[in-house]
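Since the structure comes first, as structure tokens, the remarks are kept for the end.
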2 protein chains.
Amino acid sequence: MAIASAALPECSDCPIRHRAVCARCEPEELDALSRIKFYKTYAAGQTIAIRGEPLETVASIVKGTATLTRSIEDGRTQLVGLLLPSDFIGRPGRSEAQYDVTAVTELTLCCFHRRPFEELLEDMPHVRERLLEMALDELDAARDWMLLLGRKTARERISSLLALIVKRSIRPDGGILGDKGRVELPITRETMANYLGLTIETVSRQLTKLRKDGIIQLEGKRTILIPDFGALLAETGDDDDGGMIF
Amino acid sequence: MAIASAALPECSDCPIRHRAVCARCEPEELDALSRIKFYKTYAAGQTIAIRGEPLETVASIVKGTATLTRSIEDGRTQLVGLLLPSDFIGRPGRSEAQYDVTAVTELTLCCFHRRPFEELLEDMPHVRERLLEMALDELDAARDWMLLLGRKTARERISSLLALIVKRSIRPDGGILGDKGRVELPITRETMANYLGLTIETVSRQLTKLRKDGIIQLEGKRTILIPDFGALLAETGDDDDGGMIF
DNA sequence: TGTCCGGGTTGATCTGTATCAATGCGATCC
DNA sequence: GGATCGCATTGATACAGATCAACCCGGACA
């Protein structure tokens, strides 16, 4: 979650730039992977996996945004991960989904059946190494989010999310933050609320307040302008800038 | 966090049963590990690492309890991990601590200098495999905790923590839950509060309420009796029992 | 035996966020 | 153009949990 997408070698004839799978592969390894991979696309809102149900594939996200959620039967829902291009879905060695996975935009996945993928992994220690690095990065991100959920105010949460989105340069086209600090939100207010442990009303109110305070400008519902990124960071409640250089 | 400690081969002459490091090692590998390991003990309350400062060792917990925390300068603190015997501290490939690590009881660590440990790892793929499994287990646990922090009520949080402690059989002596459902809390109310994203007053009040409702009995401050574990689980807000068999 | 001290409990009150309810607003479809 | 629908905003009110404050209790120590 907390990793910037850098330019990576492509997976053979594949448009995907898997951080996990291809970053350090030799050409013959990429070919072997290509032989067992297949693509799958989902429409916005479509369910990809349900907690507890068998999931015999792993996948990298090629294009679009998906969410990982945990929820309680009474309807309470918590988003536990936001999946963006080059993120990895699925856990080697486990055949059941641990989370509900849902496409929030149109989504393209590069999939592998679990078994053959695991067999290939046997001879590709660097892929397992990458998977470990990614899991540890995800763990750090999850723990940062625990601080947010446990201790931050609504205003700090919203600011943190906006800052995160800017840092990850989340845009439907996969582009980098423009010079004017314009950000396209890839998610609805409801998704934001579920990520932040708030209600949609609180999200809406806090966005309005940040606008009135001049921290952000709203351009339509889904576009946010950030005139002064430092001012936004000052609202996040974090001590530092999280290692960003701006 | 979410792993039961099973009997494991010991690390040569070492009393520790590292899940991560020793579980699948050959005798000669254990010897190699033994040659570079060293023990360190800490008093309750002592600081083991501080976020952002260099940490040139990794370690397994042999005995005692430690916490991982993230905090904000203004004093707000969130516990992001509870470390118990056989848990692993430190991340291969990273030389700075990401969290504050503190001993909450008297603590014994089995340490390795990072460099030589990483070099040994080169030839022990099964250790890296174990580290990946553990990281993914931790990630699942962290995400479960996100649901708790984002969406559960105070009563549900307390119940969840008690249930977790029972499941992990957390006791100073490392023993297993007794037949009468007696649990020793290894942590203070303040630590509980920081884990649950609550205040100590709320923790105290909810414990009192659970006692009045007959879900638990308090025996002194640190011992809790659970007459009916199912009744406690019903208070956690979780749909299922998390795969426990009782 | 009294004092101190750290941790825990309990009470009164405050407040940030949830909840309930109404309204706005743009897109789509007839 | 009007009806409809999904999403977002805004307002009024309720309430869970925080905050502030007092008190309790057991152990250490003089």
Side-chain angles (χ1 to χ4, degrees), chain A residues 43-46 67 72 74-78 102 104-105 148-162 184-213 216-224 235 237, chain B residues 43-46 67 72 74-78 102 104-105 148-162 184-213 216-224 235 237:
Chain A
Q46 225 179 322
T67 57
I72 308 184
D74 63 14
R76 283 178 286 175
T77 295
Q78 178 66 46
T102 314
V104 292
T105 63
L148 178 146
L149 292 171
R151 294 303 186 195
K152 287 190 182 178
T153 65
R155 185 184 176 102
E156 290 169 340
R157 294 183 199 202
I158 295 282
S159 304
S160 299
L161 178 59
L162 294 180
E184 298 285 331
L185 294 177
I187 51 178
T188 66
R189 296 285 185 273
E190 189 180 6
T191 307
M192 292 175 72
N194 285 336
Y195 206 3
L196 297 170
L198 299 170
T199 58
I200 49 173
E201 293 94 330
T202 300
V203 170
S204 183
R205 274 186 253 270
Q206 293 298 334
L207 282 172
T208 307
K209 252 186 210 163
L210 286 172
R211 179 174 55 73
K212 286 186 178 159
D213 293 347
I216 60 172
Q217 288 154 38
L218 297 171
E219 195 176 82
K221 311 264 181 206
R222 290 293 187 91
T223 307
I224 292 187
E235 297 291 337
Chain B
Q46 224 180 325
T67 57
I72 309 184
D74 63 14
R76 282 178 286 175
T77 295
Q78 178 65 47
T102 313
V104 293
T105 63
L148 178 145
L149 293 172
R151 296 301 186 197
K152 286 191 182 177
T153 65
R155 184 185 177 101
E156 288 169 342
R157 293 183 199 201
I158 295 281
S159 305
S160 299
L161 178 60
L162 294 180
E184 297 285 329
L185 294 177
I187 52 178
T188 66
R189 297 285 185 274
E190 188 180 7
T191 307
M192 293 176 71
N194 286 335
Y195 206 2
L196 298 170
L198 299 170
T199 58
I200 50 174
E201 294 94 332
T202 301
V203 169
S204 182
R205 273 186 254 271
Q206 293 299 332
L207 282 172
T208 306
K209 253 187 210 162
L210 286 172
R211 179 173 55 74
K212 287 187 178 161
D213 293 349
I216 61 172
Q217 289 153 36
L218 297 171
E219 194 175 82
K221 312 267 182 205
R222 290 292 186 90
T223 306
I224 293 188
E235 297 290 338

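Keep in mind that the numbers below use all heavy atoms, side chains included, and drop hydrogens, waters and symmetry copies.
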Between protein and nucleic acid, restricted to nucleotides 13-16 of chain C and to nitrogen or oxygen atoms under 3.5 Å apart, what atom pairs and distances do you find?
none

| task | Check every atom of dA8(D), dG8(C), dA18(C) against the side chain of Lys221(B) and return the nucleotide holding the closest atom. | result | dG8(C)

| Side-chain contact, heavy-atom cut-off 4.5 Å: Arg205(B) with Ile158(B)? | no

| message | I'd like to know if the side chain of Arg157(B) reaches the main chain of Lys152(B), judged simply by a donor and an acceptor atom lying under 3.5 Å from each other, with no hydrogens or angles considered. | response | yes

| request: With the side chain of Arg222(B) defined as its heavy atoms from C-beta on, choose the nearest nucleotide among dG8(C), dT9(C), dC20(D). | output: dG8(C)

| field | Atom pair distance, as rounded to whole Å: CZ in Arg189(A) and C1' in dG24(C) | value | 14 Å

| With respect to the side chain of Arg205(B), which nucleotide from dG8(C), dT10(D), dT10(C) is positioned closest? | dT10(C)

| Leu218(A) has an atom CG; how far is it from atom C1' of dT10(D), in whole Å? | 14 Å

| query | Rounded to whole angstrom units, what separation is found between the CG atom of Asn194(A) and the P atom of dT17(C)? | reply | 17 Å

| task | Report yes if some heavy atom in the side chain of Leu196(B) is under 4.5 Å from a heavy atom in the side chain of Thr202(B); otherwise report no. | result | no

| Are OP1 or OP2 of dG17(D) and a side-chain N or O of Thr202(B) less than 4.0 angstrom apart? | no

| task | Answer yes or no: does atom CD of Glu219(A) have more than 12 heavy-atom neighbours from other residues, nucleotides or ligands under 6.0 Å? | result | yes

| query | Where the side chain of Thr199(B) is concerned, which of dA18(D), dG11(D), dG8(C) is the nearest nucleotide? | reply | dA18(D)

| What nucleic acid atoms does Leu198(A) come within less than 4.0 Å of, heavy atoms only: base, sugar-phosphate, or nothing? | sugar-phosphate

| query | Does a side-chain N-to-carboxylate-O contact under 4.0 Å join Glu235(A) and Lys209(A)? | reply | no

| message | Check whether Gln217(B) reaches the backbone of Arg211(B) with its side chain - one donor and one acceptor, N or O, closer than 3.5 Å. | response | no

| message | Rounding to an integer number of Å, can you tell me how far Leu196(A) CG sits from dT17(C) C1'? | response | 13 Å

| What's the closest nucleotide to the Arg211(B) side chain, out of dG17(D), dT10(C), dT10(D)? | dT10(C)

| Any donor-acceptor pair under 3.5 Å linking the side chain of Arg151(A) with the backbone of Leu198(B)? | yes

| task | May I ask you to verify if any side-chain N or O of Ser204(B) is less than 4.0 angstrom from the OP1 or OP2 atom of dT10(C)? | result | no

| task | Take atom CD1 of Ile200(A) and atom P of dC20(C), then tell me their distance rounded to the nearest Å. | result | 13 Å

| query | Between dG8(C) atom P and Glu190(B) atom CD, what is the distance in whole Å? | reply | 9 Å

| Is Met192(A) close to Gln206(A) at the side-chain level, that is, under 4.5 Å between some pair of heavy atoms? | no

| query | Within the structure shown, what part of the strands sits under 4.0 Å from Gly197(B) by heavy-atom distance: base, sugar-phosphate, or nothing? | reply | sugar-phosphate

| request: Starting at atom CD of Gln206(A), determine the distance to atom P of dA8(D), rounded to an integer number of angstrom. | output: 16 Å

| request: Mind calculating the distance between NZ (Lys209(A)) and P (dT9(D)) to the nearest angstrom? | output: 14 Å

| query | Between dA8(D), dT19(C), dG8(C), which nucleotide gets closest to the side-chain atoms of Thr188(B)? | reply | dG8(C)

